[in-house]
Each structure stands twice: as C-alpha cells, then as structure tokens.
Amino acid sequence: MREGFVTPPKYVGFEVKKLFDKSAELIDVAIAYIQPSGGGPTEKHTHSHDHLFVVTQGRARIEVGDETVVLQKDQSLLVKGTLPHCVWNDCDETTTMIGITLK
C-alpha cells in the first residue's frame, strides 16, 4: 500500500488518501503540465482567492512568502492567495499538478 493511503471497509483494490478536508467554496479546478525548469509567475503574486495544489506526477516547488515547500506525487498544499507565491517544476521530468481555486 502507498504511504499515507488506506483501504476503506468493504472496498477491494482501492487506496485513498484525504488531501484536504476544510470546507470552502470551489471557484474552479485546473490541470497543469509543468515542463522542467518551468513554472511561474516569474515574480510571486497575490490575489483574493486561495489555491489547493495537488501533485499527481513529478515534483513541484511552491514558494510562499519566505518559505519553500516541495511537494512529491500525491501530496498537496493549501496556499493563501494573500501571501506572495509562485509554483515551479522541481525535477527533470514534466510535473503534473491539479490546481483547485477556493473562495
């Protein structure tokens, strides 16, 4: 079984991992394919909405304020939109990431 995943009772061949459990209003959901050395924006930005980033392949480096968080496959991070942030591919392969915009 993958680290952090569980099989719920009465399920077979099914692994699940909760990525986020806070209620919020969903604005949109997008998928991004980020090439090696790709990402952005080139300067950190802010806005009124938050993002939940989920890496499904590769590795992403998310810069938030003065911190840097590296997400591996199957990891997620909630980023407050009011904090300066940007997202970059952190490996030598294409990184695939889901971005969920929350109000």
Side-chain angles (χ1 to χ4, degrees):
M1 184 167 297
R2 292 168 182 83
E3 183 179 339
F5 286 74
V6 298
T7 298
K10 300 185 181 183
Y11 281 72
V12 177
F14 189 100
E15 298 174 77
V16 64
K17 176 182 179 182
K18 186 179 287 191
L19 298 174
F20 182 71
D21 62 3
K22 179 181 173 186
S23 288
E25 185 177 336
L26 180 73
I27 296 173
D28 65 29
V29 179
I31 188 167
Y33 295 99
I34 309 169
Q35 301 303 316
S37 301
T42 54
E43 295 181 15
K44 293 178 190 172
H45 70 289
T46 62
H47 39 68
S48 61
H49 55 269
D50 299 338
H51 289 299
L52 176 63
F53 293 120
V54 183
V55 173
T56 61
Q57 187 67 40
R59 188 174 63 232
R61 183 180 78 248
I62 303 174
E63 299 173 12
V64 182
D66 295 330
E67 294 185 45
T68 298
V69 178
V70 175
L71 296 181
Q72 307 289 334
K73 179 181 176 190
D74 299 329
Q75 292 184 323
S76 64
L77 180 70
L78 178 63
V79 175
K80 294 281 296 169
T82 55
L83 295 175
H85 61 279
C86 58
V87 177
W88 298 94
N89 185 333
D90 195 54
C91 64
D92 294 330
E93 63 182 68
T94 298
T95 291
T96 306
M97 190 168 68
I98 305 294
I100 303 170
T101 304
L102 304 167
K103 192 172 194 178

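Side-chain atoms are counted along with the backbone in the values below, which use heavy atoms only and exclude waters and symmetry mates. Sequential numbering from 1 along the given sequence is applied to the chain's residues.
In the hydrophobic clustering of ILVMFWY residues, with side-chain heavy atoms under 4.5 Å counting as a link, Val87 and Leu77 come out together. Residues Leu78 and Val55 fall into different hydrophobic clusters, defined by Ile, Leu, Val, Met, Phe, Trp and Tyr side chains chained together at heavy-atom separations under 4.5 Å. Tyr11 and Val6 fall within a single hydrophobic cluster, where Ile, Leu, Val, Met, Phe, Trp and Tyr side chains are chained together by heavy-atom contacts under 4.5 Å.
Taken from NE2 in His45 to CG in Leu83, the straight-line distance is 11.5 Å, to the nearest 0.5 Å. Within the model, atoms CG of Leu102 and NZ of Lys80 stand 10.5 Å from one another, a figure rounded to the nearest 0.5 Å. Within the model, atoms OG1 of Thr95 and CD of Gln72 stand 9.5 Å from one another, a figure rounded to the nearest 0.5 Å. Summarising the geometry, atom NE2 belonging to His49 is positioned 10.0 Å from atom OG1 belonging to Thr46; distances are rounded to the nearest 0.5 Å. Atom OG1 of residue Thr82 and atom CG of residue Asp50 lie 7.0 Å apart, to the nearest 0.5 angstrom. Note that CG of Leu71 is 4.0 Å distant from CD1 of Ile62, once rounded to the nearest 0.5 Å.
Side-chain contact between Val79 and Val69 is absent, with no heavy-atom pair separated by less than 4.5 Å. Gln75 places none of its side-chain heavy atoms less than 4.5 Å from the side chain of Arg59. When side chains are defined from C-beta on, Lys44 does not count as touching His85, because their heavy atoms never get closer than 4.5 Å.
Taking Ile, Leu, Val, Met, Phe, Trp and Tyr as members and joining any whose side-chain heavy atoms lie under 4.5 Å apart, directly or through other members, Trp88 forms no hydrophobic cluster with any other residue.
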I'd like a table of donor-acceptor pairs (distance under 3.5 Å, sequence neighbours excluded) in which one partner is a side-chain atom from residues 26-38, with atom names and distances.
from	atom 1	to	atom 2	distance (Å)
Asp28	OD1	Thr101	OG1	2.7
Gln35	OE1	Thr94	OG1	3.2

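Classification of Arg61 and Glu63 as a salt-bridged pair holds, one side-chain N sitting under 4.0 Å from a carboxylate O.
The two residues Phe5 and Glu15 have their closest heavy-atom pair at CD2-C, 3.8 Å. Contact record, Cys91 with Gly58: SG-CA, 3.9 Å, taken as the closest heavy-atom pair.
Applying the ring pair (Phe, Tyr, Trp, His ring centres under 6.0 Å) test to residues at least two apart or on different chains, the pairs with a partner in residues 52-84 are His51-Phe53.
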